[in-house]
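Residue numbers begin at 1 in each chain, while the letters A, B, ... track the order of the sequences.
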Number of protein chains: 4
Amino acid sequence: MSGTLNKVMLIGHLGDEVKMHYFEGGGCIGRFPIATNETYTNKQTGERVTNTDWHNVVVRNKAAEICEKYLSKGDKVYVEGRLKNRQWQGEDGNTRYSTEIQVQDFTFLTTKKESMANNQQNGGGNSQAAAQSSQKPAQASQPSHSVSEPEDDLPF
Amino acid sequence: MSGTLNKVMLIGHLGDEVKMHYFEGGGCIGRFPIATNETYTNKQTGERVTNTDWHNVVVRNKAAEICEKYLSKGDKVYVEGRLKNRQWQGEDGNTRYSTEIQVQDFTFLTTKKESMANNQQNGGGNSQAAAQSSQKPAQASQPSHSVSEPEDDLPF
Amino acid sequence: MSGTLNKVMLIGHLGDEVKMHYFEGGGCIGRFPIATNETYTNKQTGERVTNTDWHNVVVRNKAAEICEKYLSKGDKVYVEGRLKNRQWQGEDGNTRYSTEIQVQDFTFLTTKKESMANNQQNGGGNSQAAAQSSQKPAQASQPSHSVSEPEDDLPF
Amino acid sequence: MSGTLNKVMLIGHLGDEVKMHYFEGGGCIGRFPIATNETYTNKQTGERVTNTDWHNVVVRNKAAEICEKYLSKGDKVYVEGRLKNRQWQGEDGNTRYSTEIQVQDFTFLTTKKESMANNQQNGGGNSQAAAQSSQKPAQASQPSHSVSEPEDDLPF
DNA sequence: TTTT
DNA sequence: TTTT
């Protein structure tokens, strides 16, 4: 079924640190914002204008741990994933909506943290490197397998 | 400046007709929702689950007119563009947020309307065909040029 | 390591049937050509010109079998993968070069064969459906895992 | 017409300097190789293997000049474009084939040359910045317009 | 021929 | 909230 495509590709800078959430079953999730810029020349005034867009990025499990380990605020990263609309009840009882990028693949373009970090984190679909620092390299080569798990058991 | 990338690529079906808005300066905008599906097998229950994501697509000017002319509810389309977060004041005074895909390129994958429609609509960056039915083919080949205009003069 | 990206995305029609090759170890590979079109208006003459580009697509294992089962000449397909340059010795002793797209993900946009076919075939990185007709649905959801295998043991 | 998609996206390092060719009509073209890496763990031996793929990148006109000005060997760049197969007669009379990436968009991820360089070079489809150093900013914002010109008058 |  |  399906015959559809839902793909987002971003290159941008982290606006904040990776925030981790750990679940009882052992899974985890990391969240961080990425900024992309758009610059153009206003035709009326001739001045250059820069707009920033902020994107809510969500990474899971092994991939989340690698992001937390190597990425920090200000780092540049390539991120690939799916657009996902999420809604939840705000504290005031109103329904809130947000759009997230659920990461399937990423690669570090700069990192301020430890040096051997720049691993391509793959969506399982190609044979690129995962964290060499991993204890389980064989498994680490499909880290985002867990990204694709059913979400029905995750409390968020 | 910049060194960033903000790209979305969708293949999905229109959930509604293209809604046009015309501006005083002569510009226009078309909006329509696209559905993409995600299907997976719930590991606990073994049953197949399908989720639908809805995406707010925005097209401008010449490209909007072509979409309105050839696309209708249910049609399948490929759409490429930028993720853009927009906020506005709701009627209740609260700030509302939404995420849109601002189209830079598209191609029809099925259309129920007139037949010679399936044109690749390009972001100006490649030499693909625009609507052959256009009266101004030379211009029509860069229809989304107008998509990239400064937005500061547009009342939305 | 890495920090690189190698991605190709095509929507086009099959120029021929899927040709399968089976290996001793149990693996297999499918090959087929995809045509994409580029159309533009010649500025000198004002006439519309269409060029066709042919792409050599390679799919592996489970994914290859699904393609063979559901795709045939003329079908439209979305294909995503990596660009790979391959060289081999021609029968005349000269070195031959070709560029292939090694598929990581695909989705059928039309199929002439059996109807329940249109499955999104995923690179293992997202939770989309694989062939529902599969005997091993749990495994079938990472069909292109095998696409990412080391190639050093494959005689082609 | 069409309804097809032909898109390549690469992040990699330049293996050589940008080689320019100037044509009589005033147009020009720049060529350079980009390397992407693929790393995986050989399941048999457990060792990590890295393969490098080389891609022939072609940029035109204004965009080519910006690449030549700011990019040099070893720089990292994001490049987006079309796959194009080209054939020509070799000096030995044999037909040669090569596959090129015809650039529609790019952004510098590192540059060794002058500092204010990192401009997003756009395919005309979005409103990002072009070279601020340009004398003609308004025009420079669609530099790759020229990339999409008919090629029938270009001697290569 | 690049990079880590 | 990032970056140039």
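- For A:His55 and F:dT2, the NE2 to P distance is 15 Å, given to the nearest whole Å.
- Put simply, NZ on A:Lys73 is 6 Å from C1' on F:dT1, counting in whole angstrom units.
- F:dT3 atom C1' lies 15 Å from atom CG of A:Leu71, rounded to whole Å.
- Minimum atom distance to the side chain of D:Pro33 is reached by E:dT1, of the listed E:dT1, E:dT2, F:dT2.
- Shortest non-hydrogen contact noted between A:Ile29 and A:Ala64 is C-CB, 4.0 Å.
- Each of F:dT3, E:dT2, F:dT1 was ranked by its minimum atom distance to the side chain of A:Trp54; first place goes to F:dT1.
- Among the protein residues, D:Thr52 comes within range of the nucleic acid bases, having at least one heavy atom under 4.0 Å from a base atom.
- Distance, D:Phe108 CZ to E:dT2 P: 20 Å, rounded to whole Å.
- As a whole-Å value, the separation of A:Asp16 CG from F:dT3 C1' is 15 Å.
- With a 4.5 Å cut-off on side-chain heavy atoms, B:Arg82 and A:Asp53 count as touching.
- Residue contacts shown for A:Gly74 are limited to sugar-phosphate atoms, with no base heavy atom under 4.0 Å away.
- With sequence neighbours excluded, no residue satisfies side chain to side chain contact (heavy atoms under 4.5 Å, CB included) with D:Glu91.
- Here the side chain of D:Lys112 is nearest to one of E:dT1, F:dT2, E:dT3, namely E:dT3.
- Atom CZ of D:Arg48 and atom C1' of E:dT3 are 15 Å apart (whole Å).
- Rounded to whole Å, the distance from CG on B:Asn85 to P on F:dT2 is 17 Å.
- For the salt bridge (Lys or Arg N to Asp or Glu O under 4.0 Å) test, residues two or more places apart in sequence or in another chain that qualify with D:Lys19 are D:Asp16.
- At whole-Å resolution of the value, CD1 in A:Ile34 and P in F:dT3 are 13 Å apart.
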